[in-house]
Each structure stands twice: as C-alpha cells, then as structure tokens.
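To start, the structure under review is shown below, and the notes come after it.
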Amino acid sequence: MQYYSKACKGFGATLSFFNMFNKRIQEAQKQDSNIAKQSYTMAFSKHFDRQSILLDSGGERQDSIEFSNMIESYSTQSGIIKFFIAGAFGFEKEVLKQHKTISLSTLTFSHEIAKIVLLEQIYRSLSIINKHPYHKL
C-alpha cells in the first residue's frame with residue numbers, strides 16, 4: 001500500500017486510510033448478516049457525503065478508463081474522494097441506493113486485497129489523467 005501511496009503523491013494526490021472496524025462490527029458479524037450490515041452503516045454513516053464511493057460486488061463495473069473519468073470528475077468537484085469497503089456482508093441496500101457504488105471485480109476480496117486493487121486503480125487513473133505511460137495509452 002505504501003508503494004502506491006508514494007506513487008500517487010507524484011501526481012499531487014495524498015491518500016489517507018482509516019480503519020473503522022470496531023468491537024460493535026466484530027460482534028455483529030458473529031450474529032447475523034443484517035445486524036452486521038447495520039453495524040457498518042452505524043460506523044460509516046457520519047462519514048458519508050456526496051464524495052463517497054462504496055465498493056460493492058453488485059456495484060457498477062468499470063474499466064480503467066471509466067474509473068479514471070470518475071476519479072477526474074469527483075476530484076474536480078471538491079478534490080476529495082472517499083472510498084468505503086464494508087465487511088463480508090456488505091452494505092445495507094438503502095445505503096447502496098444513496099451513494100455511488102462500484103465493483104472492483106465479480107470476485108470477492110479480503111479487505112487487504114481490495115485496498116491494494118483500489119490503490120493500483122487510483123494510481124492507474126492518475127497515470128491516465130496525467131498522460132503517464134504506466135497505463136500504456
């Protein structure tokens with residue numbers, strides 16, 4: 001993750017990471033999928049806004065160019081983009097309806113792998129936007 005964070009700084013982008021996994025989420029995951037989804041909503045909702053993008057397997061599928069266009073669009077609006085990754089049970093349907101939702105893949109990834117894939121795509125997007133040869137345009 002540090003590699004991509006440092007590489008993104010070369011394009012003027014600063015990446016910050018926040019782990020919002022807490023005891024309530026941990027306990028909820030042991031009970032029921034609906035309770036787990038509610039616990040994610042409770043932990044994340046105060047951080048959601050118009051710049052939020054939720055990662056969900058049922059979200060919009062994009063190629064790297066489309067993802068780059070989305071990054072460019074969001075970054076010109078406020079300069080801040082917030083990505084959220086829920087736990088194994090995902091987000092509540094109502095939350096998904098309220099925010100931009102994308103899928104990194106039809107495969108299911110652990111949080112660590114999802115973060116790395118997301119970071120690589122952010123770096124690739126910045127490369128595309130800045131006409132850097134990384135993407136091999």
Side-chain angles (χ1 to χ4, degrees):
M1 290 189 350
Q2 289 178 339
Y3 171 82
Y4 289 113
S5 293
K6 186 176 179 180
C8 288
K9 277 189 179 186
F11 294 116
T14 301
L15 306 181
S16 300
F17 305 92
F18 301 94
N19 183 359
M20 293 187 244
F21 191 85
N22 58 36
K23 286 189 179 219
R24 179 177 277 170
I25 293 171
Q26 185 178 12
E27 291 302 315
Q29 289 188 95
K30 296 175 187 175
Q31 296 175 34
D32 174 84
S33 63
N34 290 326
I35 293 170
K37 289 178 185 184
Q38 291 169 359
S39 71
Y40 307 139
T41 300
M42 288 172 36
F44 296 169
S45 63
K46 64 184 172 191
H47 304 284
F48 290 150
D49 59 25
R50 293 178 53 208
Q51 296 302 107
S52 299
I53 300 171
L54 282 56
L55 301 182
D56 184 78
S57 61
E60 177 186 345
R61 294 194 178 104
Q62 302 176 332
D63 63 23
S64 293
I65 300 295
E66 292 166 330
F67 187 82
S68 174
N69 291 336
M70 180 190 71
I71 293 288
E72 189 169 33
S73 173
Y74 271 68
S75 63
T76 56
Q77 291 175 24
S78 77
I80 296 173
I81 306 169
K82 298 178 183 180
F83 289 96
F84 291 87
I85 304 170
F89 298 108
F91 293 100
E92 293 179 283
K93 287 183 182 183
E94 286 305 311
V95 172
L96 292 171
K97 290 178 187 177
Q98 296 170 7
H99 300 282
K100 173 82 171 166
T101 307
I102 64 167
S103 173
L104 293 177
S105 171
T106 55
L107 300 172
T108 301
F109 298 127
S110 69
H111 271 81
E112 287 302 311
I113 298 299
K115 282 188 240 180
I116 291 169
V117 171
L118 177 61
L119 288 173
E120 193 281 336
Q121 284 302 301
I122 291 169
Y123 176 70
R124 182 174 298 277
S125 294
L126 293 170
S127 297
I128 292 168
I129 292 165
N130 291 284
K131 308 218 182 319
H132 184 276
Y134 178 78
H135 183 64
K136 300 178 178 72
L137 288 176

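For this chain, numbers begin at 1 and follow the sequence in order. Just so it is clear, the values below take in all heavy atoms, side chains as well, and ignore hydrogens, waters and symmetry mates. Just so you know, these numbers come straight off a predicted model, no measurement behind them.
- Atom CG of residue Leu54 and atom NE2 of residue His99 lie 6.0 Å apart, to the nearest 0.5 angstrom.
- Residues Phe11 and Leu118 share a hydrophobic cluster, clusters being chains of Ile/Leu/Val/Met/Phe/Trp/Tyr side chains in contact below 4.5 Å.
- Taking CG from Asp63 and CG from Asn69, the interatomic distance works out to 8.5 Å, rounded to the nearest 0.5 Å.
- Using a 4.5 Å cut-off on side-chain heavy atoms (C-beta onward), Leu15 and Phe17 make contact.
- A side-chain donor from one of Gln29 and Tyr40 sits under 3.5 Å from a side-chain acceptor of the other.
- From Asn130, atom CG reaches atom NE2 of His135 across 13.5 Å, with rounding to the nearest 0.5 Å.
- The minimum heavy-atom distance linking Ser64 with Ser125 is given by the pair O-OG, 4.3 Å.
- The CD1 atom of Ile116 lies 7.5 Å from the OG atom of Ser110; values are rounded to the nearest 0.5 Å.
- Counting non-hydrogen atoms of neighbouring residues, nucleotides and ligands closer than 6.0 angstrom, the OH atom of Tyr3 reaches no more than 12 such neighbours.
- Using a 4.5 Å cut-off on side-chain heavy atoms (C-beta onward), Arg61 and Thr106 make contact.
- Within the model, atoms OG of Ser105 and CG of Leu55 stand 11.5 Å from one another, a figure rounded to the nearest 0.5 Å.
- The closest side-chain heavy-atom distance from His47 to Met20 is below 4.5 Å.
- Here the closest heavy-atom approach between residue Lys115 and residue Ile85 is recorded as CG-CD1, 3.8 Å.
- Ion pairing of Glu60 with Lys100 is present here, as a side-chain N (NZ or NE/NH1/NH2) and a carboxylate O approach within less than 4.0 Å.
- Side-chain contact between Met70 and Glu66 is absent, with no heavy atoms from C-beta onward closer than 4.5 Å.
- Screening Phe91, Phe48, Phe18 for a ring pair (Phe, Tyr, Trp, His ring centres under 6.0 Å) with Phe84, the sole residue that qualifies is Phe48.
- A single hydrophobic cluster is not seen to contain both Ile35 and Phe89; linkage of ILVMFWY side chains at heavy-atom distances under 4.5 Å, directly or through other members, places them apart.
- With rounding to the nearest 0.5 angstrom, the NZ atom of Lys30 is 4.0 Å from the CD atom of Glu27.
- A donor-acceptor pair under 3.5 Å is formed between the side chain of Gln51 and the backbone N or O of Tyr74.
- Using cut-offs of 30° and 60° for the angle between ring planes, the Tyr123 and Tyr134 rings count as perpendicular.
- Listed here is the closest heavy atom pair of Ser57 and Ser103: O-OG, 3.5 Å.
- Residues Ile53 and Thr101 are not in side-chain contact: their nearest non-hydrogen atoms beyond the backbone lie 4.5 Å or more apart.
- Side-chain atoms of Cys8 and Ile122, non-hydrogen and from C-beta on, do get closer than 4.5 Å to each other.
- Shortest non-hydrogen contact noted between Ala36 and Ala28 is CA-CB, 3.8 Å.
- The 12-atom threshold is exceeded at CD of Gln31, counting heavy atoms of other residues, nucleotides or ligands nearer than 6.0 Å.
- Phe83 and Phe21 fall into different hydrophobic clusters, defined by Ile, Leu, Val, Met, Phe, Trp and Tyr side-chain heavy atoms under 4.5 Å apart, directly or through other members.
- Both Leu126 and Ile102 belong to a common hydrophobic cluster when Ile, Leu, Val, Met, Phe, Trp and Tyr are linked at side-chain heavy-atom distances under 4.5 angstrom.
- For the residue pair Leu104 and Ala114, the shortest heavy atom distance occurs at CD1-O, 3.6 Å.
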